[in-house]
> 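Before I ask anything, here is the structure I am working with.
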Amino acid sequence: MSLDISEIASYNFSVVEPKWQKFWLDNQSFKTRKSNNKKYYVLEMFMYPSGKVHIGHVRNYTIGDIVARYKRACGFDVLHPVGWDAFGLPAENAALKQKSHPRDWTYKNIETMKNQIRSLGFSYDWEREFATCDEEYYGFQQKIFLALYKKGLIYRKKSEVNWDPVDNCVLANEQVIDGKGWRSGALVEKKMLSQWFFKITNYANELLEELDNLKGWPENVKTMQRNWIGKSEGCSIDFSCDNGDQITVFSTRPETLFGATYLAISLDHPLAKKIADANEKIKEFISELKKGSVSQQVLDKQEKQGIDTGLTVKHPFLDKRLPVYIANFVLMDYGTGAIFATPAHDERDYDFAVKYSLPIIPVIKSENGEVPYFGDGTLFNSKFLNGLSVIEARKKIIEEIDKRNLGKKEIFFKLRDWGVSRQRYWGCPIPIVYCPHCGTVPLEEKDLPLKLPANVSFSGTGNPLDQHPHWKHVKCPVCGNNATRETDTLDTFVDSSWYFLRFCVGKESKDLLDKNEVCRWMTVDQYIGGVEHAILHLLYARFFTKALADCGLINVREPFKNLFTQGMVCSVTYKNEQGEWLFPSEVQKNEKGEFIEIATGKKVIVGRLEKMSKSKKNVVDPDVIVKTYGADALRLFVVSDTPADRDFPWSDEGLDGSWRFINRVWRLFVHLKNKGVSASTVQDIDLSSLTEEMQDIYKRFHQTIKDVTDSFESQSMNKAIAYIRESVNCIYSVLDKSEDNVSLFSVIIRDLIRLLAPITPHICEEAWSMFGFKNLVSENEWPRFREDYIKVSTVNLPIQVNGKLRGTIDVSLDASEEDILRKAMEVNNVRKIIGDKPIRKKIFIKGKIVNFVV
RNA sequence: GCCCGUGUGGCGGAAUGGUAGACGCUACAGACUUAAAAUCUGUUGUCCUUUCGGGCGUGGGGGUUCGAGUCCCUCCACGGGCACCA
């Protein structure tokens, strides 16, 4: 086939894309529709306004937009909102660095990113947009805080933070680098501060059990949450100490009690403090161990260390005393902050025992006497437990402990309460006042929102709200005397724990949790975001939903029905000989195919694909791509080839391929238009009037509709695109017959545009209007396929001998087994391989396979 | 350290336990062109073979099965999360 010059001119996206974006916006094409149709709520995890949209965002939002457009076409009322997770640390860092106010910095970023998002043609209902730093939003969040507070779900307790002794401020884990403060370089210490906590542990069981009902969640995310909640059954045991105190330990393996050789308590255990106060050496030792970050991976990796307190406790069942150690591997937050140690059957206990030459007494028989041993076996050395299995022994000893009043069976969760206090400015202020007379007093609703003061200075030291000249000084709402405000703000995870509820309510309502609207739209039918949020954000959002339901504010208990976690966007990295990262633009391929640094001519080390990040200089700017290739090409590319839940390898060549495909499709449209195809030539297709070849083409197209539909339903955009490409190739192969089959090609092209529209909406909208179809393709329905067209009557059946493929035969699906086996045996190659060997077995699976075992 | 994933041609990937490599990228060849680009057509896992065809192949090792990329065990490599980054 040949195309004339006018058809060869490439598709002018730079005119077409802005044209339709403006049209959609002006006509509010994606305003949330409220009809009697079924609803569908599509939500992508909202964006942190860091400054610029990156390709990772583009991929996330493209997936969401494809779902939204597809579901709209399928007839759902779709809620597809957009917003900004706008509080957080980077705004304050920018304030320090560039002297810009966090608010100005944030809103400016939002403006920039909004324009970027709009240039990608996402079908959002912009009317519902908001930022979490909007006074209206965080004011309402304070209302929610008060409701939870009244419900008894919020309390204050002391908890450890990373403390920078030079800057006098609390550091986030990411601000601690090699145990030192990122700005000051000072050795970080752990410090106890009074902080607010949400009682997420009240919901531990429900959070765990409801996971089983979340059929639309990936199994790995559910597993991670289960492990995080970490329900374990065990028992508490009281040990009496020779100083008169009692130490309660928790153990999930009480059956190993007879192998216990020492007790270990946490650095923060009340007893440890008591001892430290009386013993300078121990005090010093504890403060030495307290250096460094509070993060778990740091704690786990550090060497196990401890100190003998000199105290001993009595073993509850044996006539012996065990020494009590203060040890850095015992966590105050889990269990009771104290353990009995059985080094023969626990790795940590073992390492510690070896280091401090403590005895190791095995009580469970292992096959080859290995120590430490963690498997099942028979108890020995254990008095009344002797001869029992681990499970039996556990049951028995818990009974025994209970009977003798030494402790009781208990269930502990690894899940800890959620600390929400942040010693920072750019967050939601906590609506609490401390009064010397009335104590802790919540603000009254009429005093909300409690706004952040505008004039604030950032020195990098201390807490900005605390240092503000007058903000914290107020009159007590109860007695009117001088009082002070809480100067901590809320963790930004709080902001993102209910934003999906706020989206349900239109801007006209002051009640941000308007029950009718929340009830109409919740739950979120499809939630899409990175797997890095698998635990914290998703768990907090689930907790919040339950807590708000218990406060009577909403009536759902689970926020997200289906969850999709997309992979990261990765790209190649380059480093020079000094190990410095290089931009791709600084690198060139020479004649030998080696990569060299342009500036120096020296060889460059080509690293493996890594997550795109500014520091590795392997980011790609979406603006540049949109300008040179268009939004459709970018959208198409980020969901092509790689399944959406896997990491996506960026490549310029791949992007080029997507761009070529868009032009190929456009040439197809223009060619067919020139051959007379248009909306007015669409008519019902009478199969019998077509040649056999055209019948086949039409049937294959119905198969394509089915394949693409199935792929969209299973979020396999990459497969949908492969099927569409295949179909386009197929249409190209018969293009010279288009003139004789105008109606057929009209029908096919109409549906092809509709199949492609969720992915590349601009070109499809343009083609839709060019062919003269009514309304927008974005408002049109999804094409349907006919079951009777995709049924096949014959099949190409593989014939195996001993499980190896030796040939194939074409058979009718309803042919008898006998006929097929006879035919299979006649295949030349099969006969040759079998020879005169006797056939031991004939496997026949209808429509699938024939296998001769000889 | 603990928890969760991933591993298939030169590359991204496809494959209800049933013909491994669909679709795309790259590379190569041809057509068109004064030429280039673009476009179109073809080839492209690997080894043996003129052809027909055959051997080997889904990170390594083992197992279940008539048959394993797919299920089980084990090992290796890489990535994500770990509670104050979002």
Side-chain angles (χ1 to χ4, degrees), chain A residues 1-3 7-8 10 45 47-48 50 85 87-90 161-162 170-176 218-221 223-228 230 294-302 329 333 347-348 414-424 491-493 496 530-537 539-540 565 567-568 570 608-611 640-643 645-649 651 653-658 660-661 663-664 667 716 718-719 721-726 729 732 796-800 802-808 828-829 832 840-843 845 847-853:
Chain A
M1 88 110 263
S2 63
L3 297 162
E7 293 171 15
I8 287 168
S10 74
M45 288 181 186
M47 223 184 299
Y48 180 76
S50 56
D85 187 14
F87 275 136
L89 207 46
V161 292
N162 297 311
V170 176
L171 298 176
N173 280 335
E174 72 155 10
Q175 296 175 316
V176 180
E219 219 41 63
N220 61 331
V221 173
T223 309
M224 280 192 259
Q225 291 215 350
R226 273 186 203 109
N227 293 335
W228 189 260
V294 297
S295 87
Q296 196 58 49
Q297 62 264 50
V298 172
L299 294 177
D300 278 346
K301 274 183 195 151
Q302 72 194 2
F329 68 93
D333 291 311
E347 190 148 39
R348 287 168 312 179
K414 213 155 70 194
L415 182 69
R416 313 200 293 255
D417 276 334
W418 174 15
V420 292
S421 293
R422 297 292 180 271
Q423 297 68 33
R424 313 202 188 282
D491 178 8
T492 56
F493 272 124
S496 54
V531 71
E532 65 271 20
H533 295 290
I535 296 172
L536 294 181
H537 162 59
L539 199 65
Y540 292 152
T565 54
M568 300 177 304
C570 301
R608 55 153 212 284
L609 295 179
E610 297 214 52
K611 180 182 175 172
S640 291
D641 302 340
T642 306
D645 57 357
R646 285 226 219 141
D647 286 354
F648 177 80
S651 80
E653 293 80 10
L655 173 65
D656 221 49
S658 291
R660 282 202 303 267
F661 177 70
N663 284 294
R664 183 169 157 84
R667 284 192 305 274
S716 307
N718 59 318
K719 280 194 269 172
I721 292 162
Y723 291 127
I724 291 172
R725 279 178 180 275
E726 211 168 18
N729 290 347
Y732 258 89
N796 184 247
L797 202 66
I799 314 298
Q800 298 182 334
N802 287 343
K804 276 202 168 155
L805 182 75
R806 296 302 174 183
T808 61
N828 259 338
N829 211 21
K832 204 171 83 191
R840 289 226 310 265
K841 205 169 178 181
K842 294 175 188 172
I843 312 274
I845 307 219
K848 293 279 184 209
I849 204 146
V850 172
N851 187 9
F852 297 110
V853 184

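The structure presented is a predicted model; accordingly, all values stated were derived computationally and were not measured.
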> Taking for each residue the nucleotide of RNA chain B with the nearest heavy atom, is it A/I849 or A/R806 whose nucleotide lies nearer the 5' end?
A/I849
> Distance check: side-chain N/O of A/N718 vs OP1/OP2 of B/C23, anything under 4.0 Å?
no
> Mapping A/W418 and A/L805 onto RNA chain B by nearest heavy atom, which one lands closer to the 5' end?
A/L805
> What's A/N828 touching, base or sugar-phosphate or nothing? Going by heavy atoms closer than 4.0 Å.
nothing
> Between A/R646 and B/G7, is there a side-chain N or O to OP1/OP2 distance below 4.0 Å?
yes
> For A/N796, which contact category applies under a 4.0 Å heavy-atom criterion: base, sugar-phosphate, or nothing?
base
> On the nucleotide B/G67, are OP1 or OP2 found under 4.0 Å from the side-chain N or O atoms that A/N802 carries?
no
> When we call it a touch if two heavy atoms are under 4.0 Å apart, what does A/R660 touch: a base, just sugar-phosphate, or nothing?
sugar-phosphate
> Please state the C1' separation for the pair B/A77 and B/A68 - nearest whole angstrom.
23 Å
> Among B/A83, B/A14, B/G81, which is the nearest nucleotide to the side chain of A/E532?
B/G81
> At less than 3.5 Å, do the side-chain atoms of A/K804 and the base atoms of B/U19 form a donor-acceptor pair?
no
> How would you label the contact of A/K301 with the nucleic acid (heavy atoms, under 4.0 Å): base, sugar-phosphate, or nothing?
base
> Categorize A/E726 for me: base, sugar-phosphate, or nothing, with a 4.0 angstrom heavy-atom threshold over every strand shown.
sugar-phosphate
> Between the side chains of A/N729 and A/R664, does any donor sit under 3.5 Å from an acceptor?
yes
> Heavy atoms only, 4.0 Å cut-off, all strands: where does A/D85 land among base, sugar-phosphate and nothing?
sugar-phosphate
> Base, sugar-phosphate, or nothing for A/Y723, non-hydrogen atoms under 4.0 angstrom?
nothing
> Starting from P on B/C85, measure out to CD on A/Q423 and report it in whole angstrom.
12 Å
> Have a look at A/L415 and say if it touches a base, only the backbone sugar-phosphate, or nothing, with a 4.0 Å heavy-atom cut-off.
base
